[in-house]
Novice: 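Here it is: the structure, laid out below.
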Number of protein chains: 2
Amino acid sequence: MHEVFFTKLRESITLTEEEEAIFRTYLLPKKIRKKQYILQEGDACKYAIFVEKGLLRSYTVNEKGNDQIVQFALEGWWITDMYSFITGEPARYNIDALEESELVLISNAALEELRQRIPKFLEFSFLQMRSAYIAFEKRLSYMNLNTEERYKKMVETYPDIVQRVPQHMIASYLGLTAETLSRARKQMSARK
Amino acid sequence: MHEVFFTKLRESITLTEEEEAIFRTYLLPKKIRKKQYILQEGDACKYAIFVEKGLLRSYTVNEKGNDQIVQFALEGWWITDMYSFITGEPARYNIDALEESELVLISNAALEELRQRIPKFLEFSFLQMRSAYIAFEKRLSYMNLNTEERYKKMVETYPDIVQRVPQHMIASYLGLTAETLSRARKQMSARK
DNA sequence: AGTACGCATTGACTTTTATCAATAAGATTT
DNA sequence: AAATCTTATTGATAAAAGTCAATGCGTACT
């Protein structure tokens, strides 16, 4: 049970048997089907979600009714509406499954207790957050690039996501329309 | 000495006298003049910088020779090239002073030791990083907005920065040209 | 099997933003 | 005080991206 979760954890820190046992008491397994919601805008985001298998996305819906993709999450990744998760405010994101998925849910209170009880986990959380910070910084810097360069960076950085997700969602993630991305791709393939 | 630094720290955690003394041994004070560099692209970013007074910015220079502002940092804020800082790779950012500033420098090794020796500081670092993550997430979401909305959010979120920084730098921070921002502002003032 | 839906593409057109060049007012330097 | 930067603005034009509508294809649904 939860092999992916602990494997990921062990990449950064070493846990004793007892510590792992403590962990297990806080974990909430959940399977969801494609297109099922795990969080809807307006609800409180009670859980941080670890993806053991499958693929989730978070997104908002803008005034024109278009989805704006915020994040994707593959196996081994975390996803949540961080702001709602830690403040208890209503979520601004929807999170749903793009593939049938297996998840581990964990509440903010649980994470706080774990950080208290298992200092190594506090360190893990720090490192985790720092990586996420750097990834965001990188992504933001790509917003200065033009359509083609932005798409190239995406393919480079997350080839697996590009493969498994419909193109119009990639476009949204990159802050583009589906049409614009389609045309850019055509140009790219025409050149080589 | 370093009153701003410790005041900021005390907002999140409580330090004993001894702990504070430990801290002080790792801090490197530095004053810099307006326009002076504290980091240049290509150099290793050896320090995280805490601003006690003044205003810094980090930026890159793109192919066309334009500055692209990455971050501003006011009193009480941290700034660094996080990726270079933790990996030791050459920095991709320049950091310089927009005003005469008083700084506290601290190395990555120092931060690691402090996180080890003072567990409260590890917690602080985690919370700090989490806030920075959320700020980035928010900023990225604003990139979907049009010029005017983007600028409004900026004024709302960081009115002090908007006041103290030239407009063309605000434009760059928002991923716009100076001309576009100037025109948007004109329209806004015309309407009310 | 047939219908509906999601996805990608294309064309025509509009809107937004960038680019280039010029000007002018302040601030800073010498 | 004069000369030089920096900053903000404006106009003309070009480039990039968005919008709207239509088509075709494949897959899922029942």
Side-chain angles (χ1 to χ4, degrees), chain A residues 33-37 55 57 59 61-69 72 94 96-100 142-155 161-191, chain B residues 32-37 55 57 59-69 72 94 96-100 142-155 161-191:
Chain A
R33 297 258 170 77
K34 201 170 162 170
K35 297 196 183 183
Q36 222 182 304
Y37 285 109
L55 176 48
R57 65 161 176 172
Y59 67 101
V61 181
N62 68 12
E63 333 76 55
K64 292 163 205 147
N66 298 322
D67 291 357
Q68 309 252 27
I69 306 256
F72 296 109
N94 303 279
D96 66 7
L98 298 180
E99 300 176 0
E100 187 167 317
Y142 295 159
M143 297 304 278
N144 293 318
L145 303 174
N146 62 25
T147 298
E148 188 175 321
E149 296 297 330
R150 233 186 275 182
Y151 179 69
K152 273 190 201 159
K153 289 284 183 191
M154 178 82 197
V155 174
I161 290 180
V162 175
Q163 280 215 332
R164 286 159 68 177
V165 165
Q167 265 169 50
H168 68 274
M169 291 189 192
I170 304 290
S172 166
Y173 180 85
L174 297 174
L176 302 167
T177 61
E179 292 95 328
T180 297
L181 179 57
S182 172
R183 284 187 250 263
R185 275 167 45 85
K186 191 184 176 186
Q187 285 223 330
M188 288 167 71
S189 66
R191 269 205 309 280
Chain B
I32 63 170
R33 297 259 169 77
K34 202 170 163 171
K35 297 196 182 181
Q36 221 181 308
Y37 284 109
L55 176 49
R57 65 161 177 172
Y59 68 100
T60 59
V61 180
N62 69 12
E63 331 77 56
K64 292 161 207 148
N66 298 322
D67 291 356
Q68 308 252 27
I69 306 257
F72 296 109
N94 303 280
D96 66 7
L98 299 180
E99 301 174 1
E100 186 167 318
Y142 295 159
M143 298 303 279
N144 292 317
L145 303 174
N146 62 26
T147 298
E148 188 175 323
E149 296 295 330
R150 232 185 275 181
Y151 179 68
K152 274 190 200 160
K153 289 284 184 191
M154 179 79 197
V155 174
I161 290 180
V162 174
Q163 279 215 331
R164 285 159 68 176
V165 166
Q167 265 169 48
H168 69 272
M169 292 191 190
I170 302 290
S172 166
Y173 179 85
L174 296 173
L176 302 167
T177 60
E179 293 94 327
T180 297
L181 180 57
S182 171
R183 285 187 250 262
R185 276 167 45 87
K186 191 184 176 187
Q187 285 223 331
M188 287 168 71
S189 65
R191 268 205 310 282

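These numbers were taken from a predicted model, which means no experiment stands behind them. We name chains A, B, ... by the order of the sequence lines, and we start the count at 1 in each one.
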Novice: Going by the rule side-chain hydrogen bond (donor to acceptor under 3.5 Å, both in side chains), which residues pair with Glu149(B) if we only count those two or more places apart in sequence or in a different chain?
Specialist: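 Expected list: none.
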Novice: Please tabulate, one pair per line, all N/O donor-acceptor pairs under 3.5 Å involving side-chain atoms of residues 164-172 of chain A, not counting sequence neighbours.
Specialist:
residue, atom, partner, partner atom, Å
Arg164(A), NE, Glu99(A), OE2, 3.0
Arg164(A), NH1, Glu75(A), OE1, 3.3
Arg164(A), NH2, Gly54(A), O, 3.3
Arg164(A), NH2, Glu75(A), OE2, 3.0
Arg164(A), NH2, Glu99(A), OE1, 2.9
Gln167(A), OE1, Arg185(A), NE, 3.0
Ser172(A), OG, Asp67(A), O, 3.3
Ser172(A), OG, Ile69(A), N, 2.7

Novice: State plainly whether the residues Arg183(A) and Glu179(A) are in salt-bridge range, i.e. N to O under 4.0 Å.
Specialist: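 Result for this pair is no, no salt bridge flagged.
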Novice: With sequence neighbours excluded, what pairs up with Asp96(B) under the side-chain hydrogen bond (donor to acceptor under 3.5 Å, both in side chains) test?
Specialist: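 Scan of Asp96(B) (side-chain hydrogen bond (donor to acceptor under 3.5 Å, both in side chains), adjacent residues dropped) gives Arg57(B).
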Novice: Respond yes when some side-chain nitrogen or oxygen of Ser182(A) is under 4.0 Å from OP1 or OP2 of dA8(C), and no when none is.
Specialist: no
Novice: Ring pair (Phe, Tyr, Trp, His ring centres under 6.0 Å) with Phe72(B): which residues, sequence neighbours excluded?
Specialist: Tyr173(B)
Novice: Using rotation axes that map the C1' atoms of four end pairs onto the next four (five pairs an end), what angle separates the end axes of the helix from dA1(C)-dT30(D) to dT30(C)-dA1(D), to 10°?
Specialist: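 What I find for the helix from dA1(C)-dT30(D) to dT30(C)-dA1(D) is an axis angle of 50°.
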Novice: Do any of residues 165-175 of chain A sit with a heavy atom less than 4.0 Å from DNA chain C, and if so which?
Specialist: Pro166(A), Gln167(A), His168(A)
Novice: Measure the distance from CG on Leu181(B) to C1' on dA18(C) and round it to the nearest whole Å.
Specialist: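 From Leu181(B) CG to dA18(C) C1': 14 Å.
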Novice: Taking side-chain hydrogen bond (donor to acceptor under 3.5 Å, both in side chains) as the test, write out the residues that go with Tyr142(A), two or more places apart.
Specialist: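 For Tyr142(A), no residue satisfies side-chain hydrogen bond (donor to acceptor under 3.5 Å, both in side chains) once neighbours in sequence are set aside.
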Novice: On DNA chain D, reading 5' to 3', which nucleotide is the first and which the last to sit with an atom under 4.0 Å from a heavy atom of chain B, could you check?
Specialist: dT6(D) to dA12(D)
Novice: Closest-nucleotide mapping onto DNA chain C: is Ala178(A) or Thr147(B) further toward the 5' terminus? I mean the 5' end.
Specialist: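 It is Ala178(A), whose closest nucleotide lies nearer the 5' terminus.
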Novice: Without decimals, in angstroms, what is the distance between Leu98(B) CG and dT28(C) P?
Specialist: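 These atoms are roughly 14 Å apart.
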Novice: Could you check if a side-chain atom of Leu145(B) sits within less than 4.5 angstrom of a side-chain atom of Lys153(B), using non-hydrogen atoms only?
Specialist: yes
Novice: May I ask you to verify if any side-chain N or O of Thr180(B) is less than 4.0 angstrom from the OP1 or OP2 atom of dT17(C)?
Specialist: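 So the side chain of Thr180(B) is outside the cut-off, no N or O lying under 4.0 Å from OP1 or OP2 of dT17(C).
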Novice: Which heavy atom of Leu176(B) sits nearest a heavy atom of Thr180(B), and at what distance?
Specialist: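 Residues Leu176(B) and Thr180(B), closest heavy atoms: CD2-CG2, 4.5 Å.
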Novice: Which atom pairs link the protein and nucleotides 20-27 of chain C when you take only N or O atoms and keep those under 3.5 Å?
Specialist:
residue, atom, partner, partner atom, Å
dC20(C), N4, Glu179(B), OE2, 3.0

Novice: By nearest heavy atom, map Lys186(B) and Lys35(B) onto DNA chain D; which one lands nearer the 5' end?
Specialist: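 Its nucleotide being nearer the 5' end, the pick is Lys35(B).
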Novice: Is there a side-chain contact between Gln68(B) and Val61(B), using heavy atoms and a 4.5 Å cut-off?
Specialist: no
Novice: Return the set of residues passing side-chain hydrogen bond (donor to acceptor under 3.5 Å, both in side chains) with Ser182(A) (not counting sequence neighbours), or none when no residue passes.
Specialist: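 With neighbours one apart ignored, the set is empty.
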Novice: Below the 4.0 Å mark, does dT19(C) have OP1 or OP2 next to a side-chain nitrogen or oxygen of Lys64(B)?
Specialist: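 Yes.
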Novice: Please check if atom NZ in Lys34(A) has more than 12 non-hydrogen atoms from other residues, nucleotides or ligands closer than 6.0 Å.
Specialist: no
Novice: For the pair made of CG in Leu176(A) and P in dT16(C), what is the distance, rounded to whole Å?
Specialist: 18 Å
Novice: For Ala184(A), check side chain to side chain contact (heavy atoms under 4.5 Å, CB included) against everything at least two apart and list the hits.
Specialist: Thr147(A)
Novice: Name all residues meeting the side chain to side chain contact (heavy atoms under 4.5 Å, CB included) criterion together with Glu100(B); count only those two or more places apart in sequence or in a different chain, and write none if there are none.
Specialist: Arg33(B)
